[in-house]
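In what follows, a single structure is set out as C-alpha coordinates and then discussed.
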Amino acid sequence: GYTDATRSSSFSVAKSITSALLGRALASGAIRSLDDSVVRYLPELASKPAFQGITIRHLLEMKSGFVYSRTNGNWWHDLRSSDAHFYYSTNLRKSIASQKREDAPGARWAYKDSDAQLIGWILTAATGAMRGRAREAFMKRIAAVPLALVWALAVFGRAPAAAPPV
(Lines give C-alpha, C1' and ligand atoms only; values in the text may rest on other atoms or scores of the structure.)
Protein backbone atom coordinates (compact mmCIF):
# COMPACT_ATOMS: atom_id res chain seq x y z
CA GLY A 1 0.00 0.00 0.00
CA TYR A 2 0.84 3.67 -0.11
CA THR A 3 2.47 5.53 2.76
CA ASP A 4 3.65 9.11 3.14
CA ALA A 5 7.04 7.95 1.85
CA THR A 6 5.73 6.15 -1.26
CA ARG A 7 6.76 7.73 -4.56
CA SER A 8 4.31 7.84 -7.43
CA SER A 9 3.61 10.00 -10.44
CA SER A 10 1.55 13.12 -9.88
CA PHE A 11 0.56 13.12 -13.57
CA SER A 12 -1.22 16.38 -14.46
CA VAL A 13 -1.22 17.68 -10.88
CA ALA A 14 2.37 18.67 -11.70
CA LYS A 15 1.00 21.23 -14.18
CA SER A 16 -0.61 23.17 -11.32
CA ILE A 17 2.60 23.10 -9.31
CA THR A 18 4.56 24.16 -12.40
CA SER A 19 2.28 27.15 -12.95
CA ALA A 20 2.63 28.10 -9.26
CA LEU A 21 6.41 27.93 -9.58
CA LEU A 22 6.19 30.03 -12.73
CA GLY A 23 4.21 32.64 -10.78
CA ARG A 24 6.92 32.71 -8.10
CA ALA A 25 9.64 33.03 -10.75
CA LEU A 26 7.77 35.99 -12.27
CA ALA A 27 7.29 37.61 -8.87
CA SER A 28 10.98 37.21 -8.01
CA GLY A 29 12.18 38.47 -11.40
CA ALA A 30 13.84 35.19 -12.36
CA ILE A 31 11.42 35.14 -15.32
CA ARG A 32 10.98 38.63 -16.76
CA SER A 33 7.73 38.13 -18.70
CA LEU A 34 5.35 35.49 -20.00
CA ASP A 35 6.06 37.00 -23.41
CA ASP A 36 9.76 36.09 -23.25
CA SER A 37 10.89 33.61 -25.85
CA VAL A 38 11.75 30.06 -24.85
CA VAL A 39 15.25 30.48 -26.26
CA ARG A 40 15.94 33.44 -23.94
CA TYR A 41 16.18 30.89 -21.10
CA LEU A 42 17.23 27.86 -23.16
CA PRO A 43 19.74 29.18 -25.70
CA GLU A 44 20.67 25.58 -26.57
CA LEU A 45 17.35 25.44 -28.46
CA ALA A 46 17.99 28.61 -30.51
CA SER A 47 19.32 26.68 -33.50
CA LYS A 48 16.17 24.55 -33.71
CA PRO A 49 13.55 26.10 -36.03
CA ALA A 50 10.63 24.54 -34.11
CA PHE A 51 11.43 26.70 -31.07
CA GLN A 52 11.60 30.04 -32.89
CA GLY A 53 8.83 32.44 -31.88
CA ILE A 54 7.49 30.34 -29.00
CA THR A 55 6.95 32.27 -25.77
CA ILE A 56 6.37 31.13 -22.23
CA ARG A 57 2.78 32.35 -22.62
CA HIS A 58 2.31 29.99 -25.61
CA LEU A 59 3.48 27.10 -23.42
CA LEU A 60 1.31 28.14 -20.48
CA GLU A 61 -1.73 28.31 -22.79
CA MET A 62 -0.72 25.03 -24.53
CA LYS A 63 -0.47 26.80 -27.86
CA SER A 64 3.13 25.98 -28.76
CA GLY A 65 2.21 24.44 -32.09
CA PHE A 66 4.28 21.29 -31.44
CA VAL A 67 3.15 18.00 -32.94
CA TYR A 68 1.73 15.86 -30.15
CA SER A 69 -0.39 12.72 -30.17
CA ARG A 70 -2.57 11.83 -27.20
CA THR A 71 -3.58 8.33 -26.17
CA ASN A 72 -6.95 7.22 -27.58
CA GLY A 73 -7.53 3.72 -26.17
CA ASN A 74 -6.09 1.82 -29.12
CA TRP A 75 -3.13 -0.04 -27.62
CA TRP A 76 -0.96 0.18 -30.76
CA HIS A 77 -1.59 3.92 -31.13
CA ASP A 78 -1.14 4.51 -27.39
CA LEU A 79 2.18 2.68 -27.38
CA ARG A 80 3.51 5.05 -30.07
CA SER A 81 1.82 8.22 -28.77
CA SER A 82 3.61 11.33 -27.60
CA ASP A 83 2.05 10.73 -24.19
CA ALA A 84 3.90 7.42 -23.90
CA HIS A 85 7.10 8.80 -25.40
CA PHE A 86 7.37 11.67 -22.89
CA TYR A 87 6.21 9.58 -19.93
CA TYR A 88 8.73 6.78 -20.51
CA SER A 89 11.61 8.85 -21.91
CA THR A 90 14.97 8.28 -20.28
CA ASN A 91 16.17 11.65 -21.60
CA LEU A 92 13.29 14.11 -21.31
CA ARG A 93 15.31 17.14 -22.42
CA LYS A 94 16.43 15.36 -25.59
CA SER A 95 12.83 14.34 -26.29
CA ILE A 96 11.58 17.90 -25.76
CA ALA A 97 14.38 19.36 -27.91
CA SER A 98 13.56 17.01 -30.79
CA GLN A 99 9.94 18.19 -31.14
CA LYS A 100 8.61 19.36 -34.49
CA ARG A 101 6.00 22.02 -35.07
CA GLU A 102 2.74 21.61 -36.98
CA ASP A 103 1.17 25.02 -36.27
CA ALA A 104 2.41 28.56 -35.72
CA PRO A 105 2.79 29.43 -32.03
CA GLY A 106 -0.49 30.72 -30.62
CA ALA A 107 -2.57 29.44 -33.54
CA ARG A 108 -4.29 26.47 -31.88
CA TRP A 109 -4.81 25.09 -28.39
CA ALA A 110 -3.92 21.42 -27.89
CA TYR A 111 -3.50 19.69 -24.53
CA LYS A 112 0.03 18.35 -24.33
CA ASP A 113 2.37 17.40 -21.53
CA SER A 114 5.46 18.60 -23.36
CA ASP A 115 4.47 22.28 -23.07
CA ALA A 116 4.35 22.03 -19.27
CA GLN A 117 7.55 19.99 -19.23
CA LEU A 118 9.27 22.68 -21.27
CA ILE A 119 8.14 25.29 -18.71
CA GLY A 120 9.78 23.12 -16.05
CA TRP A 121 13.04 23.13 -18.01
CA ILE A 122 12.82 26.93 -18.37
CA LEU A 123 12.22 27.31 -14.63
CA THR A 124 15.25 25.17 -13.86
CA ALA A 125 17.40 27.30 -16.16
CA ALA A 126 16.02 30.60 -14.86
CA THR A 127 16.17 29.85 -11.16
CA GLY A 128 18.97 27.30 -10.94
CA ALA A 129 18.38 23.70 -9.99
CA MET A 130 17.30 23.36 -6.36
CA ARG A 131 18.42 20.42 -4.33
CA GLY A 132 17.32 18.71 -1.15
CA ARG A 133 16.09 20.93 1.68
CA ALA A 134 16.15 24.11 -0.42
CA ARG A 135 13.66 22.57 -2.87
CA GLU A 136 11.53 21.23 -0.03
CA ALA A 137 11.40 24.65 1.68
CA PHE A 138 10.51 26.37 -1.60
CA MET A 139 7.70 23.88 -2.29
CA LYS A 140 6.29 24.37 1.23
CA ARG A 141 6.18 28.13 0.65
CA ILE A 142 4.39 27.55 -2.65
CA ALA A 143 1.86 25.21 -1.02
CA ALA A 144 1.02 27.91 1.54
CA VAL A 145 0.09 30.49 -1.11
CA PRO A 146 -3.65 30.78 -1.81
CA LEU A 147 -4.59 29.40 -5.22
CA ALA A 148 -6.09 32.71 -6.40
CA LEU A 149 -2.81 34.45 -5.66
CA VAL A 150 -0.85 31.80 -7.55
CA TRP A 151 -3.19 32.25 -10.50
CA ALA A 152 -2.75 36.04 -10.44
CA LEU A 153 1.02 35.67 -10.36
CA ALA A 154 1.02 33.22 -13.26
CA VAL A 155 -1.40 35.16 -15.45
CA PHE A 156 -0.52 38.77 -14.65
CA GLY A 157 3.06 38.43 -13.42
CA ARG A 158 2.23 40.20 -10.18
CA ALA A 159 0.09 39.80 -7.09
CA PRO A 160 -3.00 41.95 -6.54
CA ALA A 161 -2.24 45.08 -4.46
CA ALA A 162 -4.06 43.74 -1.37
CA ALA A 163 -2.46 40.29 -1.44
CA PRO A 164 -0.13 39.12 1.31
CA PRO A 165 3.57 38.98 0.34
CA VAL A 166 4.68 35.78 -1.36
>> Measuring from atom NE2 of H85 to atom CG of D113, what distance do you get when rounded to the nearest 0.5 angstrom?
In response: 12.0 Å

> Going through the distances and angles, do S114 and Q99 end up as a side chain to side chain contact (heavy atoms under 4.5 Å, CB included)?
Replying inline: CA-CA 9 Å; S114 60; Q99 292 184 104; 2.8 Å; yes

> Just wondering, do F66 and L118 contact through their side chains at under 4.5 Å, heavy atoms?
Replying inline: yes

> Testing Y111, W109, F86 for ring-ring contact (aromatic ring centres under 6.0 Å, His included) with Y68, which one passes?
Replying inline: F86

> Mind checking whether L92 and I96 have side chains closer than 4.5 Å, heavy atoms only?
Replying inline: yes

>> Measuring from atom CD of Q52 to atom CD1 of I54, what distance do you get when rounded to the nearest 0.5 angstrom?
In response: 9.0 Å

> Using links of under 4.5 Å between side-chain heavy atoms of ILVMFWY residues, direct or through other members, which residues join L79 in one cluster?
Replying inline: W75, W76

> What pair of heavy atoms forms the shortest contact from A125 to L42, and how long is it?
Replying inline: CB-CD2, 3.7 Å

> If you look at every heavy atom in R70 and H77, which pair is closest and at what distance?
Replying inline: O-CE1, 2.7 Å

> Is M62 linked to L21 within one hydrophobic cluster, defined over Ile, Leu, Val, Met, Phe, Trp and Tyr using a side-chain heavy-atom separation of less than 4.5 Å?
Replying inline: no

> So do D83 and D78 actually touch side chain to side chain, heavy atoms under 4.5 Å?
Replying inline: no

> Can you tell me how far the CD atom of E61 sits from the OG1 atom of T55, to the nearest 0.5 Å?
Replying inline: 7.5 Å

>> Show the nearest heavy-atom pair for residues N74 and N72, with the distance to one decimal.
In response: N-OD1, 2.9 Å

> S37 side chain to G53 main-chain N or O, any donor-acceptor pair under 3.5 Å?
Replying inline: no

> Once you round to the nearest 0.5 Å, how far does CG of D115 lie from NE2 of H58?
Replying inline: 10.5 Å

> What closest approach, in Å, do K112 and S64 show between heavy atoms, and which atom pair accounts for it?
Replying inline: NZ-OG, 3.6 Å

>> In the structure I gave you, are the side-chain heavy atoms of Y87 and T71 within less than 4.5 Å of one another anywhere?
In response: no

> R93 versus E44: any side-chain heavy-atom pair under 4.5 Å?
Replying inline: no

> Looking only at heavy atoms, what is the nearest atom pair of V67 and R101, with distance?
Replying inline: CG2-C, 4.0 Å

> CD1 of I119 to CG of L60: how many Å apart, nearest 0.5 Å?
Replying inline: 5.0 Å

>> Using 0.5 Å steps for rounding, measure from the CG atom of L34 to the CG atom of L22.
In response: 5.5 Å

> Which heavy-atom pair separates T127 from A30 by the least distance, and what is that distance?
Replying inline: CG2-CB, 3.7 Å

>> Is there a side-chain contact between I122 and L59 in this structure, where contact means two heavy atoms from C-beta onward sitting under 4.5 Å apart?
In response: yes

>> Among residues at least two apart in sequence or on other chains, which ones pass ring pair (Phe, Tyr, Trp, His ring centres under 6.0 Å) with Y41?
In response: none

